[in-house]
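Single-structure report; data block below.
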Amino acid sequence: QVRLVESGGGSVQSGGSLRLSCAASGFTYSAYTMGWFRQAPGKEREGLAAIFAEGTTTYSASVKGRFTISRDTATNMVYLQMNSLNPDDTGMYYCATRQGYMSPWHRAPRINDFDYWGQGTQVTVSS
């Protein structure tokens, strides 16, 4: 079955950088969309970035210009490079996938865009 495992979270000072990784396995479709979400304590899960089958990417306004989503299709890895981190970026970060082809959209990802989720990795940014 589909399995997503996030890693790379940790504690960093404001202005720092982190790179999150998501190891994917069990995919049954050659075309798929990957996304990254964040959930801060007491807040709803927020879509941050997505990368589509063609390689097109989209970002939420809150991270555009600071975060970069990328993938390595040979190893089924997806990454989220996070720069210029600030305390508002603190939260649990989740990787997600939608199996099968999906036409790219130009907006922040939404929870119901995705079928499968990882367990998350914690990111804490201190001021």
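Between atom CZ of residue Arg98 and atom OH of residue Tyr32 there is a gap of 15.5 Å, rounded to the nearest 0.5 Å. Separation of atoms CG (Leu18) and CD (Gln81) is listed at 8.5 Å; rounding is to 0.5 Å. Atom CD of residue Glu54 and atom OG of residue Ser103 lie 7.0 Å apart, to the nearest 0.5 angstrom. Of the inter-residue distances, the one linking Ser62 atom OG with Asp89 atom CG reads 7.5 Å to the nearest 0.5 angstrom. From Phe114, atom CZ reaches atom SG of Cys95 across 9.0 Å, with rounding to the nearest 0.5 Å. For the atom pair CZ of Phe27 and CE of Met34, the computed distance is 4.5 Å after rounding to the nearest 0.5 Å.
At least one donor-acceptor pair under 3.5 Å links the side chain of Thr97 to the backbone N or O of Thr33. Of the possible donor and acceptor atoms, none in the side chain of Thr124 sits under 3.5 Å from a partner among the backbone N and O of Thr90. With Arg45 contributing its side chain and Met92 its backbone, the two residues share no donor-acceptor pair below 3.5 Å. Counting only distance, with no hydrogens or angles, the side chain of Tyr79 and the backbone of Thr68 share no donor-acceptor pair below 3.5 Å. With hydrogens and angles ignored, the 3.5 Å screen pairs no side-chain donor or acceptor of Arg38 with any backbone N or O of Gly91. For Arg107 (side chain) and Thr58 (main-chain N/O), no donor-acceptor pair under 3.5 Å exists by modelled atom type.
Of all the heavy atoms in Gly35 and Ile69, the pair that sits closest is CA-CD1, 4.5 Å. Nearest heavy-atom pair, Asn86 versus Ser14, reported as atom, atom and distance to 0.1 Å: CA-OG, 3.9 Å. When every heavy atom of Ala108 is checked against every heavy atom of Gly47, the shortest pair comes out as CB-O, 4.0 Å. Heavy-atom minimum distance, Gln99 versus Thr28: OE1-N, 3.3 Å. In this structure, Glu6 and Gly120 approach most closely via the heavy-atom pair OE1-N, 2.9 Å.
A cation-pi geometry, defined here as NZ or CZ lying under 6.0 Å from the six-membered ring centre and within 45° of its normal, does not hold between Arg110 and Trp105.
Asn83 and Ser17 share a side-chain donor-acceptor pair at under 3.5 Å.
Both Val125 and Met82 belong to a single network of hydrophobic side chains, linked directly or stepwise wherever heavy atoms of I, L, V, M, F, W or Y lie under 4.5 Å apart. Follow the hydrophobic side-chain contacts under 4.5 Å out from Leu80 and you reach Val12 in the same cluster. Phe52 and Tyr59 sit in two unconnected hydrophobic clusters of ILVMFWY residues. Membership requires side-chain heavy atoms under 4.5 Å apart, directly or through other members. At a threshold of 4.5 Å between side-chain heavy atoms, the hydrophobic network of Ile, Leu, Val, Met, Phe, Trp and Tyr places Trp117 and Tyr93 in two separate groups.
Val123 places a side-chain heavy atom less than 4.5 Å from the side chain of Leu20. Residues Met77 and Ser21 have side chains in contact (heavy-atom distance under 4.5 Å, counting atoms from C-beta outward). At a threshold of 4.5 Å between non-hydrogen side-chain atoms, the residues Tyr94 and Ile111 do not count as touching. A 4.5 Å side-chain heavy-atom check between Phe67 and Trp36 finds every atom pair outside the cut-off. Within the 4.5 Å cutoff, the side chain of Ser60 has heavy atoms near those of the Leu48 side chain.
Around the OH atom of Tyr101, the shell of radius 6.0 Å holds more than 12 heavy atoms that belong to other residues, nucleotides or ligands. Enclosure of atom CD in Gln122 by more than 12 non-hydrogen atoms of other residues, nucleotides or ligands within 6.0 angstrom is indicated.
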